[in-house]
Amino acid sequence: MIMDLGEVIAQSTWGGDGSSLAGLTDFWVFRFLLNILGYASIVIPAAILIRYIKRSNFLERSAGKGCTYNVVKACVYGTADELPTTQLDSEAPAPSPSRFPRWAILIFCVVGLQGSYLTWGVLQERIMRHEYGGTEDEPAEKFQNSQFLVFVNRILALTIAGIYLSLFRQPRHGCPMYKYSYASLSNIMSSWCQYEALKFVSFPTQVLAKASKVIPVMLMGKLVSRKTYEYYEYVIAALISVGLSMFLIAHGPDDEKKSTTVTTFSGIILLAGYMMFDSFTANWQAELYKYKMSSFQMMFGVNCFSCLFTSAALLQQGGFIEAFSFMFRHQLFAFHVFLNSICSATGQMFIFFTINQFGAMVFVIIMTTRQALAILLSCIIYAHPVSIMGGFGIGIVFLAMFLRVYASHRMKQKKARQQENNTGVKV
């Protein structure tokens, strides 16, 4: 009994049958702690410096002069007090008129989002779950450094955002730069958990887990914030739970042999970490948008800190040497990483453009469809077996997601009509 329990723990922790238990550095928790130490080597000194600057009243003592004053003010205090009142009080600008018809722009957004993120998903699974090499000259091996993939994605996104900011006029920036670091840390940790989870769970499982994020969000809102929800939200959460459960327990005979590597305890923990960090990122970015910045200013600020944190961790762990050595041995891997980063950065730009042109509702519908197509594409390309019960589970999850979009839209319309009837002003 004790031996059986040890084998289960080894399988769930190390993502295999116990044979990969080669050393402590292969343990994902150890790698996660190393990443945290790398980030802390920058965060802790910076936090001490910011605290000292604020307590010492640096701005008052420097009399508002010099380059150092401007840098400290922008990084620590921000320039929101210098922004014009019209910018502080203004809402997001309406989309500028285009000479192209709206249907053509919508098709452009759909193709851009679907193409970028479907390709991104396929490449994610290829990089993290499959071997490179396998010939006489190149022995088969898997790439293990998720941190490097996060860094490459962020450095390319930073470059694109920087080019865009230099070419197009933007609102005057007022947010203290250090505040981007909070969203940056949670963003890179959510991405790291996402990549690491693919070592333990299949891509369809990961997509469905992301779709079920509404459940922990509702639970936390109920317990922590005493938030109330509409009746349809409870029905949708129940449908998602049923669909996800059906998919996870629907293993055919061929799946039972792979069950220790397809869905493990470590994979569940990493997916939970992804959802937790990702939820924090979205909420913190919502706070930052109160400074009336543009989406590309947000993209640049967050990715600037992300590159700083990930490069520090990679340098301390020797991750760059490991990754570039792997690239040199397997040129196909280098191509996949570059294309993966292109798709990630392009997808971010299409997100901003679609929301600006058509609003959040259309964007949610497109991305929900993308998740369903991603599962289908993954099953076709990588031959994931899905039983009839599992297929019904997938269908129930996405039916619930579309019902959520529809019900949310109807509730907004109902509230708008009520407000119109109460005030007599058309909303």
Side-chain angles (χ1 to χ4, degrees), residues 10 13-16 19-48 123-124 126-133 139-159 180-200 264 266-267 269-274 276-278 280-281 302-334 336-338 340-341 344:
T13 303
W14 299 88
S19 60
S20 61
L21 199 60
L24 186 62
T25 56
D26 293 331
F27 190 19
W28 69 265
V29 173
F30 181 77
R31 293 194 301 271
F32 179 78
L33 292 176
L34 282 181
N35 292 339
I36 295 297
L37 288 175
Y39 308 151
S41 66
I42 295 177
V43 171
I44 293 176
I48 294 173
L123 288 172
Q124 270 190 318
R126 173 65 182 89
I127 292 170
M128 297 307 300
R129 290 189 63 84
H130 296 270
E131 295 178 335
Y132 287 90
E141 55 182 335
K142 287 185 178 180
F143 185 71
Q144 300 293 332
N145 197 333
S146 300
Q147 184 85 296
F148 178 76
L149 299 177
V150 177
F151 169 78
V152 175
N153 286 348
R154 299 303 179 268
I155 194 72
L156 186 60
L158 176 67
T159 303
Y180 289 110
S181 64
Y182 297 95
S184 172
L185 278 172
S186 59
N187 179 256
I188 58 179
M189 286 192 285
S190 70
S191 296
W192 185 88
C193 288
Q194 179 179 247
Y195 280 116
E196 283 291 308
L198 282 174
K199 298 177 182 179
F200 305 97
T264 66
S266 288
I269 294 176
L270 287 164
L271 286 176
Y274 160 77
M276 180 185 69
F277 290 128
D278 190 59
F280 177 84
T281 302
V302 172
N303 285 305
C304 182
F305 279 97
S306 296
C307 291
L308 180 64
F309 293 140
T310 52
S311 60
L314 286 167
L315 285 170
Q316 294 169 22
Q317 300 170 29
F320 282 119
I321 297 175
E322 174 191 349
F324 286 122
S325 176
F326 195 94
M327 279 185 171
F328 181 77
R329 295 194 301 272
H330 308 289
Q331 285 74 31
L332 180 61
F333 166 76
H336 285 167
V337 170
F338 178 73
N340 182 61
S341 301
S344 176

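The structure presented is a predicted model; accordingly, all values stated were derived computationally and were not measured.
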Visitor: Between L149 and F143, is any pair of side-chain heavy atoms under 4.5 Å apart?
Guide: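 Yes; the side chains approach each other to less than 4.5 Å.
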
Visitor: Among all residues two or more places apart in sequence or in another chain, which pass the ring-ring contact (aromatic ring centres under 6.0 Å, His included) test with F338?
Guide: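 Here no residue qualifies.
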
Visitor: Using the side chain to side chain contact (heavy atoms under 4.5 Å, CB included) rule, take Q144 and K199 through it: C-alpha gap first, then chi angles, then the decisive distance, then the call.
Guide: CA-CA 9 Å; Q144 300 293 332; K199 298 177 182 179; 3.2 Å; yes

Visitor: Could you grab the distance from atom OH of Y274 to atom CG of L270, nearest 0.5 Å is fine?
Guide: 13.0 Å

Visitor: For the residue pair N187 and F305, establish whether any side-chain heavy-atom pair is separated by less than 4.5 Å.
Guide: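 Not touching, per the 4.5 Å side-chain cut-off.
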
Visitor: Closest approach of T310 and C307, non-hydrogen atoms and distance?
Guide: OG1-O, 3.4 Å

Visitor: What about H336 and Y132, are their ring centers closer than 6.0 Å?
Guide: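 Yes, ring centres under 6.0 Å apart.
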
Visitor: Hey, mind stepping through V152 and L156 against side chain to side chain contact (heavy atoms under 4.5 Å, CB included) and telling me if it holds?
Guide: CA-CA 6 Å; V152 175; L156 186 60; 5.7 Å; no

Visitor: Can you tell me how far CG of N35 sits from CH2 of W28, rounded to the nearest 0.5 angstrom?
Guide: 11.5 Å

Visitor: Which value, rounded to the nearest 0.5 Å, describes the distance between M189 atom CE and S184 atom OG?
Guide: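 M189 atom CE to S184 atom OG measures 9.0 Å (nearest 0.5 Å).
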
Visitor: Any side-chain heavy-atom pair from F326 and F148 closer than 4.5 angstrom?
Guide: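 With C-beta onward as the side chain, the pair stays apart.
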
Visitor: I need the L314 CG to F324 CZ distance, nearest 0.5 Å.
Guide: 9.0 Å

Visitor: Would you name the heavy atoms of G38 and Q316 that are closest together and state the gap between them?
Guide: CA-OE1, 3.3 Å

Visitor: Apply side chain to side chain contact (heavy atoms under 4.5 Å, CB included) to residues Y180 and C304 and explain how you reach the verdict.
Guide: CA-CA 9 Å; Y180 289 110; C304 182; over 6 Å; no

Visitor: Take F280 and S190 through the test side chain to side chain contact (heavy atoms under 4.5 Å, CB included) and record every step on the way to the result.
Guide: CA-CA 10 Å; F280 177 84; S190 70; over 6 Å; no

Visitor: Among Y195, F309, F320, which residue satisfies the ring-ring contact (aromatic ring centres under 6.0 Å, His included) criterion with F151?
Guide: F320

Visitor: F32: what forms a ring-ring contact (aromatic ring centres under 6.0 Å, His included) with it, not counting sequence neighbours?
Guide: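 W192.
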
Visitor: For the backbone of N340 and the side chain of S344, can you confirm whether one donor and one acceptor N or O come within less than 3.5 Å of each other?
Guide: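 Checking the backbone N and O of N340 against the side chain of S344, no donor-acceptor pair under 3.5 Å is found.
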
Visitor: Quick one: which residue pairs count as a salt bridge (charged side-chain N to carboxylate O under 4.0 Å, His left out) with a foot in residues 310-326, not counting sequence neighbours?
Guide: none

Visitor: If we check side chain to side chain contact (heavy atoms under 4.5 Å, CB included) with S191, which of these qualifies: Q147, E196, R154?
Guide: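 Between S191 and the candidates, side chain to side chain contact (heavy atoms under 4.5 Å, CB included) is satisfied uniquely by R154.
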
Visitor: Give me the atom names and distance for the closest heavy-atom approach of A334 to M327.
Guide: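 Heavy atoms of A334 and M327 come nearest at CB-CG, 4.0 Å.
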
Visitor: Which distance, rounded to the nearest 0.5 Å, do you find between the CG of D278 and the CG of L271?
Guide: 12.0 Å

Visitor: Taking side chain to side chain donor-acceptor pair (under 3.5 Å) as the test, write out the residues that go with Y182, two or more places apart.
Guide: none

Visitor: Counting only heavy atoms not in I321 (residues, nucleotides, ligands), do more than 12 fall under 6.0 Å from its CD1?
Guide: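 No, CD1 of I321 has 12 or fewer neighbouring heavy atoms, counting only those of other groups under 6.0 Å.
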
Visitor: How far does CG of N303 sit from CD1 of I155, to the nearest 0.5 angstrom?
Guide: 9.0 Å

Visitor: Sequence neighbours left out, what passes side chain to side chain donor-acceptor pair (under 3.5 Å) with S186? Give chain and number order.
Guide: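 Applying side chain to side chain donor-acceptor pair (under 3.5 Å) to S186 gives T281.
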
Visitor: Write out all pairs satisfying salt bridge (charged side-chain N to carboxylate O under 4.0 Å, His left out) with one or both partners inside residues 141-152, taking only residues at least two apart or from two chains.
Guide: E141-R329

